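Read through the structure below, which is laid out as structure tokens, and then see the notes.
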Amino acid sequence: MGSEVYPVCLPWEEESTMYLIKWIFTTVRREIEIALRPLGLTSPQSQTLYILAMSPGVTNTDLEKLLLIDKSSVTSLVNGIVKKNWAVRKSHPEDARMKQIYLTEEGLKIHKVAERTIEAIKSSVGQTLSARESETLRSLLKKILSDYHPADARA
């Protein structure tokens with residue numbers, strides 16, 4: 001991951017924990033995107049296929065909440081994976097206006113390949129820390145997340 005090379009950061013980001021978290025996330029995400037590219041898959045598509053594999057029949061509204069993206073982005077994402085024959089839309093049994101989304105066999109196959117690819121990258125990143133260090137880091141990050149309140153909510 002080349003710890004000696006950092007992008008330019010703004011003065012208020014120097015020595016910032018949040019900056020380091022962002023840089024690690026961005027670096028790993030780029031590596032994942034490069035690894036998924038030969039599969040014809042983007043990172044958001046991979047995340048969507050994962051959700052569909054774990055929760056068949058989710059709706060666009062569910063995906064908005066799970067992926068933390070807006071309605072139009074979900075629509076574009078779902079249209080793309082349907083066009084590639086990785087998923088299908090089916091009418092909801094209780095409300096025909098709603099569509100549930102399911103993986104196709106092809107979608108399940110590509111999901112499994114992507115999952116193995118991503119796991120290999122994540123495990124190589126995870127080798128840097130001991131199991132105890134990883135648990136400590138996760139615990140501290142969870143603490144930051146649970147105690148965080150946006151600045152405008154503090155006023």
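The structure displayed is predicted, hence computed values, not measured ones.
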Kindly say whether [Y] contributes a backbone atom to a donor-acceptor pair with the side chain of [X] at under 3.5 angstrom?
| X | Y | answer |
| --- | --- | --- |
| S146 | K143 | yes |
| T104 | G107 | yes |
| E133 | S130 | yes |

With a 4.0 Å cut-off on N to O distance, would you call E135 and R132 a salt bridge?
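Here E135 does not pair with R132 in a salt bridge, since their nearest N and O are not under 4.0 Å apart.
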Do [X] and [Y] share a hydrophobic cluster (ILVMFWY, side-chain heavy atoms under 4.5 Å, transitive)?
| X | Y | result |
| --- | --- | --- |
| I32 | W86 | yes |
| L66 | I118 | yes |
| L137 | M18 | yes |

Minimum heavy-atom separation for E33 and S43, please, with both atom names.
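For E33 and S43, the tightest heavy-atom pair comes out as CG-CB, 3.9 Å.
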What's the verdict on side chain to side chain contact (heavy atoms under 4.5 Å, CB included) for I144 and L140, showing C-alpha distance, side-chain angles and the deciding distance?
CA-CA 6 Å; I144 291 169; L140 291 169; 5.5 Å; no
Would you sort out whether Q100 and V58 count as a side chain to side chain contact (heavy atoms under 4.5 Å, CB included), showing the intermediate values?
CA-CA 5 Å; Q100 293 179 290; V58 296; over 6 Å; no
Nearest 0.5 angstrom please: [X] [atom1] to [Y] [atom2], how far?
| X | Y | atom1 | atom2 | answer |
| --- | --- | --- | --- | --- |
| R116 | I121 | CZ | CD1 | 13.5 Å |
| I110 | L103 | CD1 | CG | 11.0 Å |
| S124 | E119 | OG | CD | 11.0 Å |
| N85 | E105 | CG | CD | 10.5 Å |

Quick one: does [X]'s side chain get under 4.5 Å of [Y]'s, heavy atoms only?
| X | Y | value |
| --- | --- | --- |
| S73 | D70 | yes |
| I101 | V88 | no |
| L141 | L145 | no |

L63/L77 under side chain to side chain contact (heavy atoms under 4.5 Å, CB included): CA gap, chis, key distance, verdict:
CA-CA 10 Å; L63 289 173; L77 191 55; over 6 Å; no
Name the atoms and distances for all side-chain donor-acceptor pairs under 3.5 Å in residues 45-54, with sequence neighbours left out.
residue: Q45; atom: OE1; partner: T42; partner atom: N; Å: 2.9
residue: Q45; atom: OE1; partner: T42; partner atom: OG1; Å: 3.3
residue: T48; atom: OG1; partner: P44; partner atom: O; Å: 2.8

Side chains of N79 and R89: donor-acceptor distance under 3.5 Å anywhere?
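Yes.
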Criterion side chain to side chain contact (heavy atoms under 4.5 Å, CB included) on T27 and E31, from CA distance to verdict:
CA-CA 6 Å; T27 302; E31 184 176 354; 5.8 Å; no
Check the pair K99 / T59 against side chain to side chain donor-acceptor pair (under 3.5 Å), numbers first and verdict last.
CA-CA 6 Å; K99 300 293 181 199; T59 64; over 6 Å; no
Which one of T117, L36, V113 satisfies the side-chain contact (heavy atoms from CB on, under 4.5 Å) criterion with L41?
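That would be L36; it is the only one of T117, L36, V113 passing the side-chain contact (heavy atoms from CB on, under 4.5 Å) with L41.
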Before you tell me yes or no, could you show the steps for E106 and K109 under salt bridge (Lys or Arg N to Asp or Glu O under 4.0 Å), namely the whole-Å CA-CA distance, both residues' side-chain angles and the distance that decides it to 0.1 Å?
CA-CA 5 Å; E106 191 174 336; K109 286 178 190 173; over 6 Å; no
